[in-house]
Amino acid sequence: MIVNRRQFLLLTAGLAAGCQAVKEDVNSGATTGHPVNAGPVSNFAADGVYNNFRDHGFFVICEGGKLSALSAICTHRKCKLVAERDGSFYCKCHGSTFDPAGHVTTGPATRDLPVLPSHTDEQGQLIVTVPVM
Ligand code: FES
């Protein structure tokens with residue numbers, strides 16, 4: 001692969017920066033919650049789905065230099081989801097599936113997975129606000 005100067009600068013800037021958390025409350029629907037420290041944002045530098053916090057109710061997603069937290073709880077009847085190798089999500093309870101962005105691809109779930117509010121604190125830790133169930 002041959003890259004020009006501009007592409008090289010963009011690629012190296014992206015590698016140096018890694019994934020960055022941005023304040024996110026789009027589609028969360030959460031009005032109350034408790035903060036969970038997911039650790040240093042440097043732990044999520046590579047693009048992909050991190051399922052270390054599935055039992056806390058979320059997946060950390062790094063995509064294109066942006067970090068986000070996607071609910072790991074099925075919107076049908078609240079079973080924990082499984083992250084698939086292709087970045088999609090599967091619910092073992094009744095078979096719902098969600099694409100990597102959290103959109104429903106197979107029911108019975110009808111609502112997309114919410115993106116949970118998250119930010120990076122002063123110490124560089126990723127803080128995710130998990131809704132109270
Ligand atoms: Fe997930 Fe029913 S709880 S499909």
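The structure displayed is predicted, hence computed values, not measured ones. One-based numbering, in listed order, for ligands and for the atoms of each.
A donor-acceptor contact shorter than 3.5 Å is absent between the side chain of Thr129 and the backbone of Gly33. Looking only at distances, a side-chain donor or acceptor of Asp112 sits under 3.5 Å from a matching main-chain atom of Val104.
Here the N, O or S atom of His94 that is nearest to atom 2 (Fe) of ligand 1 is ND1. Among heteroatoms of the N, O or S kind in His76, ND1 lies nearest atom 2 (Fe) of ligand 1.
Every atom of ligand 1 is numbered from 1 in the order shown, and the set under 4.0 Å from a heavy atom of Cys74 is 1 (Fe), 3 (S), 4 (S). Ligand-side atoms of ligand 1 in range of Arg77: 3 (S), range being under 4.0 angstrom from any heavy atom.
Put simply, Cys91 stays out of reach of atom 2 (Fe) of ligand 1, with no N, O or S atom under 2.8 Å from it. Distances from atom 1 (Fe) of ligand 1 show that Cys93 has no N/O/S atom below 2.8 Å.
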Next on the checklist: Please determine whether side-chain contact (heavy atoms from CB on, under 4.5 Å) holds for the pair Cys62 and Leu67, giving the CA-CA distance in whole Å, both sets of side-chain angles, and the decisive distance to 0.1 Å.
Outcome noted: CA-CA 5 Å; Cys62 176; Leu67 268 183; 3.9 Å; yes
Next on the checklist: Please determine whether side-chain contact (heavy atoms from CB on, under 4.5 Å) holds for the pair Thr120 and Gln125, giving the CA-CA distance in whole Å, both sets of side-chain angles, and the decisive distance to 0.1 Å.
Outcome noted: CA-CA 5 Å; Thr120 304; Gln125 305 286 302; over 6 Å; no
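Among the candidates Phe89, Tyr50, Phe98, the single residue satisfying the ring pair (Phe, Tyr, Trp, His ring centres under 6.0 Å) test with Phe59 is Phe89.
Under the 2.5 Å SG-SG cutoff, Cys93 and Cys79 qualify as a close cysteine pair.
For atom 4 (S) of ligand 1, the closest non-hydrogen atom on the protein side is Ser96 OG, 3.1 Å.
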